[in-house]
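Labels below follow one simple rule: chain letters A, B, ... track the order of the sequence lines, proteins then strands, and each chain is numbered from 1.
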Protein chains: 2
Amino acid sequence: MSGTRALQKEKTRQAIINAALAHLSADHSFSSMSLREVAREAGIAPTSFYRHFDDMEALGLTLVDESGVTLRELMRQARSRIELKGSVIQTSVDTFMEFVERNPNIFRLLLRERTGISPAFREAVAKEIEHFKEELSEYLAQESNYNPQLAYTLAEGLVTLVFNAGAEALDMEPEERKALKERTILQLRYLTLGAQQAVKLESDTAKEAS
Amino acid sequence: MSGTRALQKEKTRQAIINAALAHLSADHSFSSMSLREVAREAGIAPTSFYRHFDDMEALGLTLVDESGVTLRELMRQARSRIELKGSVIQTSVDTFMEFVERNPNIFRLLLRERTGISPAFREAVAKEIEHFKEELSEYLAQESNYNPQLAYTLAEGLVTLVFNAGAEALDMEPEERKALKERTILQLRYLTLGAQQAVKLESDTAKEAS
DNA sequence: TAATACAGCGTACAATTGTACGCTTAACTA
DNA sequence: TAGTTAAGCGTACAATTGTACGCTGTATTA
């Protein structure tokens, strides 16, 4: 393998993927995209598409997978930034928003297919977001003295808030986006603060009882 | 007006709307629905559709509007339940989840078109959710001593968390759903608790400064 | 009662869609 | 080198789509 043949195949495969990604935009979703459109954009005959994917759904799942890779890199980036700069929440939100601004189409893909028509898609996206939650959950449990359950609940809340803010930011002007960002940061602070408070209240009552 | 003629017209109009609503499901979204499908389901000729709506988008916006009515009734219901039972958060979440379970298709419509292809749709849904945020915001400001800004930020966070939980609940088994509900309630508590804490911290430092 | 308005229908057409089928041609294998 | 494999193409076809156009029959209006 890895001969001229396989190489060329991989090349057109990428062409298809890129064509699909390129066609994503505010008013063009993956589900509203036809096989022929993708083929046209990729510069191949419609029927050649089948040499690479069973159908559009298969291509879509590949796209979701690829965007998962991008997302995980995002997390790594955020982590190293946090080590440099300190403020966890601020840095995380900044990094995430930067990602959304730079890859609006990938984000839109996840956003739409999360609630889309295809169960396979929904599941795939849910899995990607789950990754996010679990990584953050571990981080929180390690960093602070949350028990695993509380850490997960907190992480889930944080991810939900950030992810949603990203979704809303897509349609916004820069200044509006800035205000949203600030509110989001506050919400994350409140959530974290409240969780800490809950831990404290629990341990206080435990002490009183002893 | 209100003659036989106008009455019949209103009747078929409702038939169209109902047909569209009926066709919404987990694997059939409004955007993937054709004019002809709706017409078929409504028992009219495809071309007759135009006697009532300019195009599918116009019908969609009407649906969003109608679901807004349902949502607002939901809020009213929640409020009267709270007066009866007391626990604000628990009751709100219960009521909301009940709504989602009872009107999954309406909820799916909002969920999907919120991030959909049509700017008009996105805006319409955003507006409905905004209603939610603002009503809750007012309620919070009145009930507690939050300033308007903080109240809004808090309300936004709460609505985001609940709405999202509803979205995830759609695909879940009852027991999984129950666990989600419990986590959501915790998240709402933390958020509220954190906001109160923030207010307290502020007023404490203000006192020290004086 | 005569004239008008209009909801609903059927026909028609051009686009577009997914995909079955068989061919070509270049890379691979033995 | 001879035989095989398979990526990519073109043709073809049946479905389906949105919608333009003109007709019909009935409720409304004058």
Short side-chain donor-acceptor distance under 3.5 Å, E57(B) and S118(B)
yes

Output for pair (L71(A) CG, H131(A) NE2), nearest 0.5 Å, gives 10.0 Å

Can you see if the side chain of T4(B) gets near the phosphate of dT26(D) - specifically, an N or O under 4.0 Å from OP1 or OP2?
no

Of the listed dT17(D), dG8(C), dC28(C), the closest approach to the R5(A) side chain comes from dC28(C)

note: E57(A), atom CD; dG18(C), atom P; distance rounded to Å ~ 14 Å

Taken to the nearest whole Å, OH/Y50(B) to P/dG22(D) is 17 Å

Per nearest nucleotide of DNA chain C, the residue lying toward the 5' end, D54(A) or Q8(B), is Q8(B)

Atom CG of L35(A) and atom C1' of dT16(D) are separated, to the nearest Å, by 16 Å

Atom CZ of R51(B) and atom P of dT19(D) are separated, to the nearest Å, by 15 Å

*Do T47(B) and dG10(C) have a side chain to base donor-acceptor pair shorter than 3.5 Å?*
yes

Of the candidates dT17(C), dC9(C), dC9(D), the side chain of R40(A) sits closest to dT17(C)

Within the structure, does a side-chain N or O atom of S48(A) lie under 4.0 Å from either OP1 or OP2 of dA7(D)?
no

query: With a 4.5 Å heavy-atom cut-off, do E182(A) and Q187(A) have their side chains touching?
result: no

Of dA7(C), dT19(C), dG8(C), the nucleotide closest to the side chain of R36(A) is dT19(C)

Testing dA7(D), dA27(C), dC9(D) for proximity to the side chain of I44(A), the answer is dC9(D)

(Q) With a 6.0 Å cut-off (strictly less than), is the heavy-atom count around CD of E10(B), excluding the residue itself, greater than 12? (A) yes

